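Remember, it's a predicted structure, so these values are computed and weren't measured experimentally. To find a chain, count down the sequence lines: A is the first, B the second, and so on, and within it residues start at 1.
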There are 2 protein chains.
Amino acid sequence: MTSPHEQNGQCVPDVFDAECSARHALELISGKWSVLILTALAEAPRRNGALLRRIGGISQKMLTQTLKDLERNGLVERHDLRTVPLHVEYRLSALGSSLSATLIALDRWAERNFPELDAARARHDAARLGPVAQTDS
Amino acid sequence: MTSPHEQNGQCVPDVFDAECSARHALELISGKWSVLILTALAEAPRRNGALLRRIGGISQKMLTQTLKDLERNGLVERHDLRTVPLHVEYRLSALGSSLSATLIALDRWAERNFPELDAARARHDAARLGPVAQTDS
DNA sequence: CAGGATCCTGGGGGATACTG
DNA sequence: CAGTATCCCCCAGGATCCTG
């Protein structure tokens with residue numbers, strides 16, 4: 001069939017198309033933990049424990065799970081120095097590296113603009129709770 | 001207290017800090033639907049129905065819900081032409097516009113590199129399922 | 001140290017029907 | 001047309017315990 005996106009896997013790349021693989025790619029790289037893990041690995045190759053310490057609020061389970069997913073999709077490489085005690089290091093693949101600048105830009109934007117978001121939210125919420133009497137302080 | 005990030009709301013901006021507002025900002029702007037909505041609005045101001053049609057796979061519920069969240073945080077502006085039938089238009093705020101380039105870069109990366117992800121995934125899965133004897137169909 | 005296996009809960013998110 | 005309200009399911013993800 002000559003459908004617009006050839007639903008079998010090949011499609012005109014479009015993140016707006018729910019069936020296109022590009023959408024899955026986008027959801028992977030913009031995932032809650034993916035962004036942080038990829039950014040942390042962009043700073044430097046890291047071990048499991050180091051990642052756990054670097055990324056506040058992540059659980060061992062989600063770290064392992066997300067790392068596996070990223071590795072499966074070729075964004076992260078797992079290097080197992082077969083020693084005892086175990087020593088495993090994660091690093092970005094070339095593909096992963098090609099993404100890091102954009103992800104870091106995203107982080108930077110959040111770090112530079114969150115006060116604006118906070119302020120907007122405060123204003124919005126204040127307006128909803130008390131649309132009247134805003135004459136002082 | 002002079003804790004490193006002043007857990008009351010003011011902190012040294014760090015997305016890796018689970019308590020920092022920058023983290024919340026990051027999670028908002030990297031949300032599954034947020035990215036697509038913001039990108040769609042970066043293309044042009046749009047109405048509810050237009051967004052629904054533009055963004056494949058989104059439900060009315062998630063669209064409304066995410067739009068409200070984005071508006072609350074000052075990234076999107078809602079313009080209600082008080083007509084009947086109802087006519088509401090959404091557009092990026094200045095703050096939202098300052099983010100669009102990065103989000104579009106993210107989309108573009110996904111659209112340009114998803115074949116690499118697909119290939120890596122295929123390789124990875126093939127290796128796991130049958131590391132042996134892959135000579136025929 | 002890296003990470004598998006299990007159990008369990010909250011809420012993300014779909015479907016459907018209704019309203020101004 | 002642009003939403004709101006309800007019901008309900010499913011799974012992301014935490015807590016805990018166990019292994020190589």
Side-chain angles (χ1 to χ4, degrees), chain A residues 16-19 23-24 26-38 40-41 44-73 76-91 124 128, chain B residues 16-19 23-24 26-38 40-41 44-73 76-91 124-125 128-129:
Chain A
F16 289 109
D17 182 345
E19 310 306 319
R23 171 71 78 83
H24 298 122
L26 179 61
E27 288 177 1
L28 175 65
I29 65 180
S30 72
K32 177 180 178 181
W33 298 120
S34 305
V35 176
L36 292 170
I37 292 178
L38 291 173
L41 292 179
R46 284 192 152 96
R47 307 179 49 182
N48 186 332
L51 285 169
L52 272 181
R53 268 172 272 114
R54 180 76 180 118
I55 304 173
I58 198 171
S59 65
Q60 172 67 57
K61 180 183 177 182
M62 288 318 295
L63 177 59
T64 304
Q65 189 172 305
T66 310
L67 275 172
K68 278 166 101 171
D69 205 17
L70 293 173
E71 191 205 354
R72 189 165 98 102
N73 286 271
V76 163
E77 287 166 5
R78 196 188 112 111
H79 291 273
D80 188 340
L81 296 296
R82 311 255 321 182
T83 68
V84 46
L86 245 47
H87 183 116
V88 178
E89 191 172 84
Y90 295 95
R91 61 185 59 185
H124 185 94
R128 271 198 51 85
Chain B
F16 289 108
D17 182 344
E19 310 306 320
R23 171 71 79 84
H24 298 120
L26 180 62
E27 289 176 1
L28 175 65
I29 66 179
S30 72
K32 178 180 178 181
W33 298 120
S34 305
V35 176
L36 292 170
I37 292 178
L38 291 172
L41 292 179
R46 283 190 153 96
R47 307 178 50 181
N48 186 334
L51 285 169
L52 231 33
R53 268 172 271 115
R54 179 75 180 120
I55 304 173
I58 200 171
S59 65
Q60 172 67 58
K61 179 183 177 183
M62 287 317 296
L63 177 59
T64 304
Q65 188 171 304
T66 309
L67 276 173
K68 277 166 102 171
D69 205 17
L70 293 172
E71 190 205 354
R72 188 166 97 102
N73 286 271
V76 163
E77 288 166 2
R78 195 187 112 113
H79 291 274
D80 188 341
L81 297 293
R82 312 255 319 181
T83 67
V84 45
L86 245 48
H87 182 116
V88 177
E89 190 172 82
Y90 294 95
R91 60 184 62 185
H124 185 94
D125 293 358
R128 271 199 50 84
L129 290 176

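Across every non-hydrogen atom of B/Phe16 and A/Leu36, the tightest pair is CE2-O, 3.5 Å. Here the shortest heavy-atom pairing between B/Asp17 and B/Glu19 reads OD1-N, 2.8 Å. Of all heavy-atom pairs spanning A/Leu28 and A/Ser34, the tightest one is O-OG, 2.9 Å.
Judged purely by atom type and a 3.5 angstrom limit, B/Arg78 has no side-chain atom pairing as donor or acceptor with the backbone of B/Glu71. At distances below 3.5 Å, at least one donor-acceptor pair connects side-chain atoms of A/Thr64 with backbone N or O atoms of A/Gln60.
In this structure the side chain of A/Asn48 never reaches within 4.5 angstrom of the side chain of A/Val88, judged on heavy atoms.
Phosphate proximity of D/dG13 to A/Ser59: absent, as no side-chain N or O sits under 4.0 Å from OP1 or OP2.
Where A/Leu86 and A/Gly57 each meet DNA chain D at their nearest nucleotide, the meeting point lying more 5' is that of A/Gly57. Nearest-nucleotide mapping onto DNA chain D: of B/Lys61 and B/Gly49, the residue sitting toward the 5' end is B/Gly49.
Annotation: proximity of residues 62-72 of chain B to DNA chain D (heavy atom, distance under 4.0 Å) is found for B/Thr64, B/Lys68, numbered in ascending order.
You'll find that the side chain of B/Arg47 is closest to D/dA2, out of D/dA2, D/dG3, C/dC1. The side chain of A/Trp33 sits closest to D/dG13 out of D/dT4, D/dG13, D/dC1.
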